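Single-structure report; data block below.
Throughout, a chain's letter reflects where its sequence line sits, starting with A, and its residues are numbered from 1. Since we're looking at a predicted model, the values are computed, not measured.
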Amino acid sequence: MTDANQPYIVVPAGGPQQAGVRPDEDLLEGLNRPQRDAVTFRGQALLIVAGAGSGKTSVLTRRVASLLRTKDAWPSQILAITFTNKAAGEMRERVSQLIGDRAQGMWISTFHSACVRILRREAEQFGFTKSFTIYDSGDSRALIKRLVKEHEADTYGMTPSGVMSRISKLKNELADAESYARSANMTDPAERIFVELFADYQRSLQKANAFDFDDLIGQVVYLFRAFPQVADSYRRRFRHILVDEYQDTNHAQYALIRELTRPPGSDAPPMAGGGGMMIFDAEPDAEDGASLTVVGDSDQSIYAFRGADIRNITEFERDYPGAKVVLLEQNYRSTQNILNAANAVISHNFDRKDKKLWTDVGEGEKIIGFTGYSQHDEAQFVADETEALRKAGIDYSQMAVFYRTNSQSRALEEIFIRSAVPYKIMGGTKFYERAEIKDALAYLVAVANPADEMAVRRILNKPRRGIGDVTETAIARYAADEGITFRDALANASALGVGPKIQAGIAHLDAVLAEASALMVPSTGELPPPTAVADGLQLLLSKTGYTDALRASRDPQDEARVENLDELVAVAREFARNNPEGTIVDFLTEVALVSDADDLEDASGSVSLMTMHTAKGLEYDAVFVTGVEEDLIPHRISANEPGGPQEERRLFYVGVTRARKRLYLSLAMTRAQFGEVTVAMPSRFLQEIPTELMHWRQSPGDVNSRGGTQSRALNARRGGPGSSGGFGGGGNTGRYGADLVPLPRRESSDISKFANRIPAKVRDNGDMELGPGDRIRHDDFGEGKVDLVTGEGAKRVAHVRFDRVGAKKLLIKIAPIEKL
DNA sequence: TTCGGTGGATTTTTT
DNA sequence: ATCCACCGAA
């Protein structure tokens, strides 16, 4: 870029700048024109449409730095929201690199962390205390499970997870039980039960002084709406709000941002009871709402399943009239071949603004395809290839393997261990979801928030104290009779009418909890020492006999559990070191909100394994996208949901665009699931990639034409990729193996190699006329009758009752159907 | 109350 | 294949 001398058409809000050098000139170095515009724009609303790899993070951090440098904002006036804690950490890091310590005082965090911060301050306003617990999805599920049982809702076919996801969806729409009940069909007994469950769940949370994940957002919105003066204090504080990954925000998050960007004082209702009206001297722009910057890419929206609403970004200009829009389309990450493939695939999504990524780094290598006989075979290919790449000078830490579902990681792990390839699984089975860790944390919660009955119940009989269902119920009854909490009931073991042994057990538990409380939450008002949390945790684990019980066990897994607990204590010590003032509540907040995916890249020296969802926002020199099969990507479950297959395509797009130099797409002909071997078909997405971009080491046709299905991954040792030039799929060549004579170069990228052909062209039934009563035939589901057609245009959805497989919803435009 | 066995369901993605 | 809920025996 050589346009550094072009005049900027920028009017800094903070007053006239000196002619000549801008104070943020150095921040613009190396940026292209649109990127500069995005950094320097000053105004109410800015939408940055940032394609994959277009330098979005760089732009965002520089924009923040620029706001500070030009004195358009104080650090405390900035609120930057990212999707993960990791992204927040990186952003903070990069901003301080640009402008130094002034980064202190900014709020850079996730939606959830920011909301917790607000809720902790304001909790007392609406019936919670500062030390509220945060329920993760496991906790919510446990609670809902209990309620489902109590309400005998299972007789209506309700499952805990079903109820949970419905509640979550509703909360994401800012609905509560009451508002839902108003629109629900309350003559349906199942609906009535559900409403009761929902209400009961919410009451339980309130009683436990707890918020679930969704509440963290939703309750802040309620808070702001119910207490305008509280909202105003945040509106006055945050003058610049920046939101990353805006395409993945849900309605509650959208509403939160709307609340925050309102002009202060704008929604003060007629003051009830003459409460002190706040008069502010007209600070220059006190009447304006905060300036809002959102960054996103609708092609990378992959969280609709959990309530993300793509319209938040597509309709941004309508929501914020006069918004400036900046498009970043130049890609600085990948080779043109990779981008062409990505563009080709994503262009199959209709109903999207056309956008083409481009780069000036050149074509690069072809995309390598490989088909294994089994998932192990596929994994062996990946392992061999990582080895070859490392020999070619690429560090393991610059390689990543993606898959659609977590369960696919197993085969990869097995083979990686066998092949001695160092790897790290990102965000898989979570450390904080292990039973022993949850137990330990429940002990801490019992101390920090005694109102949380769930936590106390959880630890009641861990380790074994002979307390079973009967005793638990007795405690609950006693607590209810006396009007005290479940926790306090423990202090009166003798009154419960249970055996002496059990009484002693309860009394002991109560004493240990009390001792830990004295240590971690001194009632004298003085601050506990920084080590209090770690010490208290250790005290709880040893004095309750928890660790001893594990050590005494014969189960070999229990040894690992003890190690995990040691690890947790170490985490607590580390926390104390980083936060000398940190309380037990702060610690619990951190572990509730920090996920393992946030572990900064201590993946040094190892290959990263993760789901495609986790991969969002990351990039690697070499990327393996595995399991590129129908029913996996696109996932089978998505097929029935309107918009599902398109979201899957975006997910695949996200995976592909993570690669800088080399991209591998692999699949297996057979895949074992539920212990059964099933035949897999190549994903339709493969056929959306122009054949000339790919080089198949072993195409689906190669594998199938030999009819071989035996897996040889576990004993075959192959030649490295160096010896495997271009094996053609002749049929008599044997397999890709060590003992083969390379055939004359013949690329097997021909689409005819696909053994299981799936329609290469995307169907377009856009103009099919369909109405209730029509009969149709579906390629997979057979014949059925249309009940109802909803939606408009490209989004028309047919609700069909199939003769064989029951009711399905189909997107008419693309479903493989014909009218009969 | 605990333990062990059996049968059934289970796997989409995550702050 | 693996995890969980449920059941009957100690």
| Does a side-chain N or O from A:Ser638 land closer than 4.0 Å to OP1 or OP2 of B:dT13, or not? | no

| Across the strands shown, which category fits A:Phe111 at heavy-atom distances under 4.0 angstrom: base, sugar-phosphate, nothing? | nothing

| task | Determine, for A:Glu648 against A:Arg404, whether the closest basic-nitrogen to carboxylate-oxygen distance falls under 4.0 angstrom. | result | yes

| Which part of the nucleic acid, if any, lies within reach of A:Thr471 when heavy atoms closer than 4.0 Å are counted: base, sugar-phosphate only, or nothing? | sugar-phosphate

| Reckon A:Ser407 touches a base, only the sugar-phosphate, or nothing at all at heavy-atom distances under 4.0 Å? | base

| request: Check whether any side-chain N or O of A:Asn461 sits under 4.0 Å from OP1 or OP2 of B:dT2, and answer yes or no. | output: yes

| note | Nucleotide by nucleotide, nucleotides 1-6 of chain C touches protein heavy atoms under 4.0 Å in the pattern (B base, S sugar-phosphate only, - none) BS--SS

| said: Whether A:Asp297 and A:Lys56 form a salt bridge (side-chain N of Lys/Arg under 4.0 Å from carboxylate O of Asp/Glu) is what I want to check. | reply: no

| task | List the steps, then state whether ring pair (Phe, Tyr, Trp, His ring centres under 6.0 Å) holds for A:His348 with A:Phe652. | result | CA-CA 12 Å; A:His348 283 80; A:Phe652 184 69; over 10 Å; no

| field | Contact under 4.0 Å: A:Asn406 side-chain N or O vs B:dT13 OP1/OP2 | value | yes

| request: Could you tell me whether the side chains of A:Thr589 and A:Arg120 share a donor-acceptor contact shorter than 3.5 Å? | output: yes

| request: Would you mind reading off the distance between A:Arg650 atom CZ and B:dT13 atom P, rounded to a whole angstrom? | output: 18 Å

| P-based separation of B:dT13 from C:dC4 [nearest Å] | 15 Å

| said: Does A:Asn578, at its CG atom, have more than 12 non-hydrogen atoms belonging to other residues, nucleotides or ligands within less than 6.0 Å? | reply: yes

| request: With the side chain of A:Arg306 defined as its heavy atoms from C-beta on, choose the nearest nucleotide among B:dT15, B:dT2, B:dT13. | output: B:dT15

| request: Figure out the CZ/C1' separation between A:Phe83 and B:dT13, and round it to whole Å. | output: 10 Å

| request: Indicate whether A:Phe305 forms a stack on B:dT13; treat it as stacked only if centroid distance is below 5.5 angstrom and interplanar angle below 30 degrees. | output: yes

| said: From C-beta outward on A:His635, which listed nucleotide comes closest to its side chain: B:dT11, B:dT15, B:dT14? | reply: B:dT11

| Which nucleotide sits closest to the side chain of A:Phe213: B:dT15, B:dT2, B:dT13? | B:dT15

| Criterion ring-ring contact (aromatic ring centres under 6.0 Å, His included) against A:Phe83, the qualifying member of A:Tyr246, A:Tyr303, A:Phe111 | A:Tyr303

| request: Report the distance from atom CD of A:Glu648 to atom C1' of B:dT11, rounded to the nearest whole Å. | output: 13 Å

| note | Per atom distances to the A:Arg464 side chain, the nearest of B:dT15, B:dT13, B:dT2 is B:dT2

| field | Contacts of type side chain to side chain contact (heavy atoms under 4.5 Å, CB included), residue A:Ala474, not counting sequence neighbours | value | none

Distance-only donor-acceptor pairs under 3.5 Å for side chains of residues 208-221 of chain A, two or more places apart:
from     : atom 1 : to       : atom 2 : distance (Å)
A:Asn209 : OD1    : A:Thr129 : N      : 3.0
A:Asn209 : ND2    : A:Thr129 : OG1    : 2.8
A:Asn209 : ND2    : A:Asn449 : OD1    : 3.3
A:Asp212 : OD1    : A:Lys171 : NZ     : 3.4
A:Asp212 : OD1    : A:Asp214 : N      : 3.1
A:Asp212 : OD1    : A:Asp215 : N      : 2.7
A:Asp212 : OD2    : A:Lys171 : NZ     : 2.7
A:Asp212 : OD2    : A:Tyr201 : OH     : 2.7
A:Asp214 : OD2    : A:Ser168 : OG     : 2.8
A:Asp215 : OD1    : A:Lys171 : NZ     : 2.9
A:Asp215 : OD2    : A:Lys171 : NZ     : 3.2
A:Asp215 : OD2    : A:Gln202 : NE2    : 3.1

| request: Return the value, rounded to whole Å, for the distance between atom CD of A:Glu647 and atom C1' of B:dT14. | output: 12 Å

| request: Return the value, rounded to whole Å, for the distance between atom NZ of A:Lys86 and atom P of B:dT14. | output: 14 Å

| Whole-Å distance between B:dT11 P and A:Glu433 CD? | 13 Å

| query | To the nearest angstrom, how far is A:Met164 atom CE from B:dT15 atom P? | reply | 14 Å

| said: Rounded to whole Å, how long is the line connecting atom CG of A:Asn250 with atom P of B:dT13? | reply: 19 Å

| query | Phosphate oxygens OP1/OP2 of B:dT14: is one of them under 4.0 Å from a side-chain N or O of A:Ser137? | reply | no

